[in-house]
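Have a look at the structure below before the remarks.
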Amino acid sequence: MQADLRGTFSEKLAAAGFSPDEVALIQENGGIAVQSLAYFSSPEMRQILDALTYIYAAQNIVTRDGRGMGISERFCPPGTLALKKSGLVNVEVLNTVKVIHTTSSGEQIARAVMRERVHRLDVAAFARDINPLVPLLVAASSHGKYVQKSFSAHTPVRDGGAFLDFLMYQNSVLTHHFSFFGKKLVDARIGVIVDQGNEGRYFVFPPEVVEIINSLLHNVPDEQLRHYIAITEHVRRKYIALVWLGTARSSGGDVLSPELVADLTTYLEQLKPVAEVLRISPDHGDIRYIVRNEEGYSHALAALRQLLRKELAAHLDPSFHAEIIPDSPDSTVSIPVEGLPAQPGVPHVPTSEDLLTPPQEPHTPLHNPVPVPPAYEVPHFPSVRAPDEPERAEALTVFLGSSREGQKVFWAPGDLNNGHCILIGGSGAGKTETLRCIARELDREGFPVLMIDFHGDMAFPTRRLSTYRIREGGEYYFNPLELDPAFTEITPLRATSDFVDAISINFPTLGIQQRRAIKGILKEAYQRAGVGLDPKTWVRTLDFDAVQDQILACEDETIPAYLEDIFDYRLFTGRHKLGIKDVLKEGITHVNLNALPENLRYLFADLFLRRLFYSLQAMGEIPRDAALDRERFRLFVIVDEAKLLVSQKSGQKQAIKAVLNKYATEMRKFGVGLILASQLISHFNDEILANIAVKFCMRTENKKQAQENSRFFEVGEEDLMNLSPGEGILSIGSEKLNIRVLPLSARDS
C-alpha cells in the first residue's frame, strides 16, 4: 500500500509540473511530512510546494546574524495552512508579529529544490547581462558576516539605513541595475518579491544566492574583476567614513583603524569651515572635531553621500554624468564635483568569505580611472615557521588568508610532521568554501587533489576540475573487486576482505555468519571468473552482475536485503571506470556522491579510499631523504563530513576500523595529505587527532557545539560563536592564530 501511495504521489508531482529531478529531490528529502500532501490534487500540491519555496526564500526578510528568521504571516501566500498542518513550516512571535519560517523538514525540501534551480541557472548568460559591480556590492553589504539577502525593489525613500539602500537612494541608475539583477533571479524562481504594504516591496533571496554571486564573479575576467573590486572597496570605505561622520564627533575611547582615520581626515578637510578638527592621532586611532554650523554640516554630508552615489552610477552607466552643485546654507562650503581627494595606493584584495570586508589599505580615487592592480602574488609569510628559519627551496605553501594584524598566513605541509589538516565548524561557518580554497591552492602548485563530496556542493569553476558523478545507472563507476597485475599487494583475498569490512561498517547489524557467507560467495565468484592467486589471471574482470546472481540465490534471505541497493543502483557497474590513475594525475578529481542514498555514499567512499591507499602502498614509501615537497606528496585527499568515515569509539576494541582510522597513521609515508572537515572535534577520535598536524576551528552553530570545541582548542565559547563566516582559530602545535580565509572569489586564477 505504501508503494502505491508513493507512486501516486510521484505522479501527482509530475502532473503538477515538477521536473523528474525535482520530484526525486522532494521525495528523497521530504520524508513523512511531505507524504502527508499526497491527498491534495496536483494543482493544490503545486500551490503548496511553491508556497514552501517562497517562504524558504522570503524568510530572509527578517534576519538575525544572517539567518532567516521568517516572514510576516499576513504576507504569506495560499498553501501556507497546509504547510503548517504537515509540519513543514512553523509560526513564531517576534516583537508581537507572527512570522512563518520553515522547519528542518521544510527547509530540507526547499533547499534541495532551490539548489536544483541554482544548478540549472545559466550563470554565464546571467554574467553577460549584468554589471559585475552589482553582485560585488550585494556581497559588500555583508559587513563581514553574511551576504545581504534582501534589498528594496524600488528607490528607497530614506537616505541611510543598509548599505544597498544608501546607494540606491535618489539614484535611478543603481535602482535600475539592482532591479534587473533581482528580477532575473525571481524569473529563475530563485528569488521572490515580498510586498510589505506601506514598507514597500523587497527582493529577497535564499542562502543559495551566495553560490550565484560566486559563480557570477568567476565568469568575470580577472583583470576586469580586480578593477571592479577596487571600485567597490573605495565605495565601501567612503560609506563607512560617512556613516561615522553622521553619528559620532570623536572616537569616544574606541580605537579607529589608521585607514578610517585617514578617510575621516580627508572628509573633514572638505567640510571646513562647518567643522573643525581638534585632534588627530593616527598612531593611537583617535580623532576629535567640533561642528560649527549644524545645518551646513548636515547639508554638506548629504552632498558628499550623493556624490558617492553619482560616482558609482557613472561606473554602472558610462553615459551617466554627475552634476552636483550643492546649495549649502553656508556659502563657504564647497564640495568638488570631480570627486574627493584620496590617499594614494593600491586597493587591498578582500578577505571575507562574503567576498568583501571593510578595506584595510589606502584606496584609489573613484573619480579617476581606477588602475588595475598588478597580478596578485602571494608573498611567503612564514606563519608556521620560526621567523628566523629560512624557507626551503620549492616548498609547498598553501595560502589561507590573513591574520587580524593583516599578515598573510600560509600552511606549509612539508615543514610539519605530516600533510594532514582538519576543519571544525558549524553549518554556515565556511568549511566548504575553505576546502575549495585549499584545493585550488594545492592544484595551483601542481599537486593532484581528490575531493570526496557527499552533498554535491564542493565543486567550483575551474578548467582543472574533473567531476565524476556517481549515480543510478550513471556514466562512471568503480569496481572494488577488480584486480590489477601491476599491484600485486591487492589480492583476491584482500579485495574480498575489504569489501566485507566496508559492508559491515555501513551495515553494523550484519552478523558474523552473514559476513562469512558473503566472503564465500565472492571467493566462488572469483573462481568462476577464472581469477586465482596467479597475478596473470587478474586481467580478467569480476563483473558485479555475476556476483548479484549468487547473492540473490543465497539461502540466507537477509543477505540480499542488505545488498539489494548496491545492485539496484548498479553502484559498481557503468560505462566508464573511475580508476586510480585518473586520481593521481595532475588536477582536481571531484567525486560527487550526492545522487546516491546515504548508506551507498559512504560505502562507495570507503571502498574507493581503501583501494586508493592500497595502490599508493604498492607504489612504495616516500624516500626518507626527499628534499622537495613535490617528492614528499603524491596526493591530497579532501573529505567533508569526514565523521562518516571515522570509527567513533576509540576507547573500545573494534574488529573493523573505518577507513580513515586505518590509514591516517600510515598515509604520510606514502605521500598522502588528508584534509578532513566536520562539525565537532569529537567526530575525530584520539587515533585520528594524534596524527593531524594542523587544526582549524571555525564558527559554531550553538552553545553546545561551542562548549565541546572550545575545550579542545582552549578558547572561549563566545569567541567561537562570534566568529564571522570564513574566520577561525588556526592551531599548529602550541601556536594559535586567528585568521580569515580569503574566499575563492577574491583569488586570481
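Remark: the backbone N or O of N691 is paired with a side-chain donor or acceptor of N418 at under 3.5 angstrom. Proximity of a side-chain donor or acceptor of E701 to a complementary backbone N or O of S427 within less than 3.5 Å is detected. Listed for the H590 side chain is no donor-acceptor partner under 3.5 Å among the backbone atoms of S466. Of the possible donor and acceptor atoms, one in the side chain of K431 sits under 3.5 Å from a partner among the backbone N and O of G425. Proximity of a side-chain donor or acceptor of S497 to a complementary backbone N or O of R494 within less than 3.5 Å is not detected. Although no hydrogens or angles enter the test, the distance criterion places a donor-acceptor pair under 3.5 Å between the side chain of R747 and the main chain of L742. Although no hydrogens or angles enter the test, the distance criterion places a donor-acceptor pair under 3.5 Å between the side chain of T537 and the main chain of G532. With hydrogens and angles ignored, the 3.5 Å screen pairs no side-chain donor or acceptor of W538 with any backbone N or O of P492. The closest donor-acceptor contact from the side chain of R601 to the backbone of A595 lies at 3.5 Å or more, if one exists at all. Under a 3.5 Å cut-off, the side chain of D453 and the backbone N or O of D457 do form a donor-acceptor pair.
Checked by atom type, the side-chain pair D640/T432 shows a donor-acceptor distance below 3.5 Å. In the model, R515 has a side-chain atom that pairs as donor or acceptor with a side-chain atom of S504 under 3.5 Å.
Annotation: side chain of L674 is not in contact with side chain of F636 (no heavy-atom distance under 4.5 Å). Between L400 and C437 the shortest side-chain heavy-atom distance does not fall below 4.5 Å. Residues V449 and T589 have side chains not in contact (no heavy-atom distance under 4.5 Å, counting atoms from C-beta outward). Proximity of L609 to L450: side-chain heavy atoms (C-beta onward) are separated by under 4.5 Å at one or more points. The closest side-chain heavy-atom distance from D443 to L465 is not below 4.5 Å. Here the side chains of L563 and V547 are not in contact, with every heavy-atom distance at 4.5 Å or above. Between N738 and S403 there is no side-chain heavy-atom pair separated by less than 4.5 Å. Side-chain contact between R699 and S724: absent, with no pair of heavy atoms (C-beta onward) separated by less than 4.5 Å.
Of all the heavy atoms in I424 and L680, the pair that sits closest is CD1-O, 3.8 Å. Here the closest non-hydrogen pair linking G419 and P413 is CA-CB, 4.0 Å. Closest approach of D582 to G579, counting heavy atoms only: OD2-N, 2.9 Å. Here the closest heavy-atom approach between residue L645 and residue D606 is recorded as CD2-N, 4.1 Å. Heavy-atom minimum distance, F572 versus P480: CD2-CD, 3.3 Å. The two atoms that bring M451 and A439 nearest to each other are SD-CB, 4.0 Å, heavy atoms only.
Note that the CD1 atom of I622 and the CE atom of M667 stand 10.5 Å from one another [nearest 0.5 Å]. In this structure, S682 OG and N709 CG are separated by 7.5 Å, a value rounded to the nearest 0.5 Å. Between the CZ atom of F633 and the CZ atom of R668 there is a distance of 9.5 Å, given to the nearest 0.5 Å. The distance from atom CD1 of I470 to atom CG of N592, rounded to the nearest 0.5 Å, is 8.5 Å. Between the CE atom in M698 and the CD1 atom in I739 there is a gap of 8.0 Å [rounded to 0.5 Å]. Within the model, atoms CD of E524 and CD of Q550 stand 4.5 Å from one another, a figure rounded to the nearest 0.5 Å.
Ring centers of F410 and F399: under 6.0 Å apart, within the cut-off. For Y602 and F454, the ring centers sit closer than 6.0 Å to each other.
The number of heavy atoms from other shown groups lying within 6.0 Å of CZ (R120) is above 12. Residue-environment remark: CG (D568) exceeds the threshold of 12 foreign heavy atoms within 6.0 Å. Around atom CZ of R611, more than 12 heavy atoms belonging to other residues, nucleotides or ligands sit under 6.0 Å away.
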ask   = Under the side chain to side chain contact (heavy atoms under 4.5 Å, CB included) criterion, do D498 and Y614 qualify, and how do the steps go?
value = CA-CA 11 Å; D498 269 344; Y614 283 156; 2.2 Å; yes
request  = Show the numbers, then the answer: is there a side chain to side chain contact (heavy atoms under 4.5 Å, CB included) between F499 and L481?
outcome  = CA-CA 8 Å; F499 182 81; L481 300 180; 4.2 Å; yes
query = F604 and L571: side chain to side chain contact (heavy atoms under 4.5 Å, CB included), yes or no, with the steps?
reply = CA-CA 8 Å; F604 186 98; L571 186 63; 3.9 Å; yes
task = Decide yes or no on side chain to side chain contact (heavy atoms under 4.5 Å, CB included) for L730 and V694, but give the supporting numbers first.
result = CA-CA 7 Å; L730 184 68; V694 176; 3.7 Å; yes
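Using a cut-off of 4.0 Å between Lys/Arg side-chain N and Asp/Glu carboxylate O, R226 and D222 are scored as not salt-bridged.
Checking each of R630, R444, R634, R464 against E586 for a salt bridge (charged side-chain N to carboxylate O under 4.0 Å, His left out) leaves exactly one that passes, namely R464. Under the side-chain contact (heavy atoms from CB on, under 4.5 Å) rule, Q514 has a single partner from I559, V500, I503, which is I559.
The aromatic rings of F478 and F608 sit perpendicular, their planes meeting at an angle over 60°, well past the 30° parallel limit.
Scanning for ring pair (Phe, Tyr, Trp, His ring centres under 6.0 Å) contacts around F696 gives an empty result, with sequence neighbours left out. Every residue two or more places apart in sequence or in another chain was checked for a ring pair (Phe, Tyr, Trp, His ring centres under 6.0 Å) with Y526, and none qualifies.
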